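Everything numeric here is computed off the predicted structure, so don't read it as measured data.
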Amino acid sequence: MQLGPVDILVNNAGITRDMLAIQMKPTDFTRVIDTNLNGVFYCSQSAFSTSMLRSKRGRIINIASIIGQTGNPLSLIHISEPTRQAEIS
């Protein structure tokens with residue numbers, strides 16, 4: 001099955017593991033970063049390299065949580081991700 005070019009990519013996947021930092025296991029931390037941050041990077045990179053550069057057009061929309069703006073004491077890891085997503089953009 002062959003798909004056409006990517007004109008628009010919406011990065012909207014995200015997970016959270018709300019807990020105190022001292023309680024977070026390394027596997028939980030890695031899973032959140034892999035989904036919420038690395039996923040944005042790899043999907044965007046793929047869209048750039050396969051379609052958008054060749055056609056010299058396209059849009060990437062990154063959707064992040066409001067927690068990065070408002071804060072949540074149990075979302076230590078979640079707070080930094082919207083900032084990192086903006087830097088990738």
For Met52 and Arg59 the tightest heavy-atom approach is CE-O, 3.3 Å
Euclidean distance, Ile60 CD1 relative to Asp7 CG, rounded to 0.5 Å: 12.0 Å
Enter the distance from Tyr42:OH to Leu37:CG here, rounded to the nearest 0.5 Å. 9.5 Å
Nearest heavy atoms of Asn11 and Gly39, plus distance in Å: OD1-O, 4.3 Å
Nearest heavy-atom pair of Ala13 and Asn36: which atoms, and what distance? O-OD1, 4.2 Å
I need the Asn38 CG to Thr30 OG1 distance, nearest 0.5 Å. 9.5 Å
Quick one: closest heavy-atom pair of Leu9 and Ala47, and the distance? CD2-CB, 4.0 Å
